[in-house]
Structures are given as C-alpha cells and as structure tokens.
Amino acid sequence: MSIQVQNIRKTFGSFTALGDVSLDFPSGQLVALLGPSGCGKTTLLRIIAGLETADSGRVLLDGEDASQTHVRERQVGFVFQHYALFRHMTVFDNVAFGLRVKPRKQRPSEAEIKKRVMELLGLVQLDWLADRFPPQLSGGQRQRIALARALAVEPRVLLLDEPFGALDAKVRKELRRWLRRLHDELHITSLFVTHDQEEALEVADRVVVMNHGKVEQVGAPHEVYEQPATPFVYGFLGAVNRFVGQAGAGHVLLGEHRLPHDHSAAPGTEVEAYIRPHELQINLNPNAPGLPATVERVLSFGANARVELLGANGQPLEAEISREKAAELRLQTGQAVRLSAARVSLFESGSGI
C-alpha cells in the first residue's frame, strides 16, 4: 500500500514539530526516516499511524484520505522502541492479542489464531519460545516478538519507531540484517524511524533525512551519502571535515593556504568546504602544496586506520587511510604533514550545519 503525506503541519505550543511536510512512500518499499532527536520523524510516524493528529494537511493511504480515520481502521502495524509487550502474557498470547480483540464478526477461530501465531513465531525464528514470558527473553528476542505481534493483524503498513535503539551494537547489527531479509520476503510497505545513520543506509530502500521539522533530502542510500543536497545532510551522514573559506579560481582559499577543487563557484564567494575522512590525503612533505596539519593520534583497527590531526588554526581533523598506507607512512604524534583532498564539496556560507 502506498502512503502520501501532504502539507503536514504539527505544533506543540510554540514548538513546530513538522512544518508543511509532503512525502510519497511507494508501495512495498522499506523507508528510513532519519534525523537527530526532535527533528519530527517520530511525530510524522505517529500521524501516519493515527496515534497523533496533524494541525493541517492530509494522510493518504492507497490514494484515499485517511486523515480522519481512526487508528483501528487504518490497518497499520506499529512497533515501539521499548517493545510494549504485556509482561503477564506468554509470547504466544502477546502475538495473538490483536487477533483476539477484533470485533466478533472479524475474529478468527482459536484454531485459526493458533495457526497464524505459530506461523509468525516461525517467521521470526522464535516458535520455540511460545510459552515463555517477556521478562525471560533477551532484548533482541522481545523486539522480534513485538514485530510478530504487529504482523499478526495483517497490516497494510508496518511502522517501526527506533526499533533497535534499546539494543547493544552487536544485536542491533544482527537484527538489521534480519529485518532486511524479512522485508524482502513480505514486501509490506514499511517505515522506520532512526537516528542511526549506518542503520538507515544499510537497511532502507530510500532514506528521508529530516531536520527541525523539515525534509532536507530524499533518495536512495548511496544518493544521500554520495550527493548530499545540503550541508546538514553532509554533516549528519557520517564523519566530515568542514572548512570555511573563499572560493578562488579552481581552489578554496583557507587563510594563507589553498585547497584545489573542481567546482564552478564564483571567485570571491564565501564558501564551506566538506571533505570525508577517506577523501583526505596525507603527504609527509611539510612543504608540499595543501593544508598544514599536525598528527595527534593514529588508531589502527579493522581494515583502515583513523588519523586524528590538528589544522594550523587548531581545528580537529580526521583522515581515514588503509592499514597498509598507515604502515608505509609510519606517522608519529606531533609530526608535521600536509593535507590534500581527492574530492571537495562546496556550499555557500550561511547554509552550514
């Protein structure tokens, strides 16, 4: 089922949670609503679910205006961050709950409920825990049970609010892969809220980046990461080095130093330059062209090494190089180096993070 939100506005007192937001969510996609705390992503999710009412604007489900439709009639499955399982009920009864409270004419028989619940527990690979109670489960298991409960009523849309936010990093990574596989099997239109950039980029078909109640950019994960539309998106999606300077002919003037670029910025324009750590290159010759910097620390783990540096003005900088390159350079704390960039992205000053 497709979802459209048109000109959604929501305020809480003097605070604008959502300011005239319009989005289309195609049927069958898994979409991440990504942004910092307070950006409006959870409020938007709750308005789509019918748990919150917009001050103005419309929510369309499969082209039909559902703005005034009660939450029970929207056929939406909602998974909360902290599971919201009934502690006094078994896993089986938790998953069966939504089916058992349906109106009598729509309620399946107990035999049908049992079959449906066990199928779902098998789907989330926890059928062997049917007789356990929530306090006896791990966080990852409880989250999967919460998802099974949301799917039990056969929703047309699945909404997940920070579904893995309360879990540790290892379990979170495992469940991200599991959710992606589950979605590929079910193909139900799904929206999930997260402030974890890696989670959004790894799991979603599309990413909606939000900030201060507005949509900054919508696109496939590789698009929003490789081609950020705004300085905010650039800075929010992963580590970045930011410089403020003046555009020249083929370079950015940063104080007394020049950083080459291939943009068409008009000379004299005040600009902000953004460089990802893996795009920053280190030259051991302190007299080479580029920006002077001093090595502070080298952290080697995994496939790459992270080099923390200080710029000439004391600005913290970060470069990411291969372990092989780090071994070749043999960088030492306090060593003077020069920095250049494989790619520089420019934005006019005043539109920064």
Side-chain angles (χ1 to χ4, degrees), residues 15-16 18-21 34-40 195 197 200-201 207-283 285-296 306-321 336-353:
F15 174 70
T16 300
L18 294 168
D20 198 34
V21 170
L34 174 67
S37 297
C39 72
H195 62 264
Q197 302 92 329
L201 297 175
V207 178
V208 177
V209 185
M210 299 181 65
N211 185 34
H212 294 308
K214 299 284 187 180
V215 174
E216 294 272 343
Q217 187 173 358
V218 181
H222 71 275
E223 291 173 345
V224 294
Y225 185 82
E226 295 292 342
Q227 301 164 12
T230 67
F232 172 81
V233 177
Y234 216 119
F236 192 74
L237 291 180
V240 67
N241 298 292
R242 173 177 173 265
F243 304 90
V244 177
Q246 191 176 75
H251 66 267
V252 180
L253 188 62
L254 303 172
E256 302 175 354
H257 308 285
R258 295 184 175 190
L259 188 65
H261 71 82
D262 56 4
H263 291 265
S264 57
T269 305
E270 296 295 322
V271 294
E272 297 170 8
Y274 292 84
I275 306 170
R276 298 279 186 205
H278 68 270
E279 297 167 339
L280 207 56
Q281 300 171 332
I282 299 174
N283 192 324
N285 182 354
N287 298 314
L291 306 179
T294 304
V295 176
E296 265 206 318
R306 189 169 81 234
V307 184
E308 296 177 352
L309 309 110
L310 280 180
N313 59 354
Q315 177 184 358
L317 302 172
E318 184 179 312
E320 186 179 300
I321 57 179
V337 297
R338 288 277 172 158
L339 304 176
S340 57
R343 188 178 74 157
V344 180
S345 296
L346 294 186
F347 296 92
E348 287 192 18
S349 285
S351 57
I353 300 171

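If you read the sequence from its start, that first residue is 1, and numbering goes on from there.
- Taking the side chain as every heavy atom from C-beta outward, Pro231 and Glu272 approach each other to under 4.5 Å.
- Note: Thr230 OG1 to Glu216 CD = 4.0 Å, rounded to the nearest 0.5 Å.
- Counting only heavy atoms from C-beta outward, the side chains of Val208 and Leu34 never approach each other to under 4.5 Å.
- Closest non-hydrogen pair, Ala239 versus Pro277, comes out as O-CD, 3.2 Å.
- Between His195 and Pro36 the shortest side-chain heavy-atom distance does not fall below 4.5 Å.
- With a 4.5 Å cut-off on side-chain heavy atoms, Leu317 and Phe243 count as touching.
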N/O donor-acceptor pairs under 3.5 Å from side chains in residues 308-315, not counting sequence neighbours:
from	atom 1	to	atom 2	distance (Å)
Glu308	OE1	Arg297	NE	3.2
Glu308	OE2	Arg297	NH2	3.3
Asn313	OD1	Gln315	N	3.1
Gln315	NE2	Arg242	O	2.5

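- The OG atom of Ser340 lies 7.5 Å from the CG atom of Leu280; values are rounded to the nearest 0.5 Å.
- With sequence neighbours left out, the side chain to side chain donor-acceptor pair (under 3.5 Å) criterion links Asp20 to Asn7.
- No donor-acceptor distance shorter than 3.5 angstrom exists from the side chain of Gln281 to the backbone of Ile321, with no hydrogens or angles considered.
- Salt bridge Arg343/Glu279: present, at least one basic N to carboxylate O contact under 4.0 Å.
- Annotation: side chain of Cys39 is not in contact with side chain of Phe236 (no heavy-atom distance under 4.5 Å).
- For the pair Glu348/Thr269, a side-chain contact is recorded, criterion being any heavy-atom separation below 4.5 Å from C-beta on.
- Ring geometry for Tyr274 versus Phe347: interplanar angle over 60°, hence perpendicular rather than tilted (30 to 60°).
- Looking at Lys214, its side chain never comes within 3.5 Å of a backbone N or O of Leu18 through a donor-acceptor pair.
- Between the side chain of Arg276 and the backbone N or O of Asn241, no donor-acceptor pair lies under 3.5 Å.
- Closest approach of Val21 and Gly213 over heavy atoms only: CG2-O, 3.4 Å.
- Side-chain contact between Glu270 and Gln246 is present, with heavy atoms from C-beta onward closer than 4.5 Å.
- Considering only heavy atoms from C-beta on, Pro286 stays 4.5 Å or farther from Val337 through its side chain.
- Between Pro228 and Tyr234 the shortest heavy-atom distance is CG-CD1, 3.3 Å.
- Side chain of Arg338 to backbone of Asn283: no donor-acceptor contact under 3.5 angstrom is found.
- Under a 3.5 Å cut-off, the side chain of Thr16 and the backbone N or O of Gly19 do not form any donor-acceptor pair.
- Between the Gln227 side chain and the Val224 main chain, no donor and acceptor come within less than 3.5 Å of each other.
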Chi angles and distances behind the side-chain contact (heavy atoms from CB on, under 4.5 Å) call for Val207, Val218: CA-CA 6 Å; Val207 178; Val218 181; over 6 Å; no
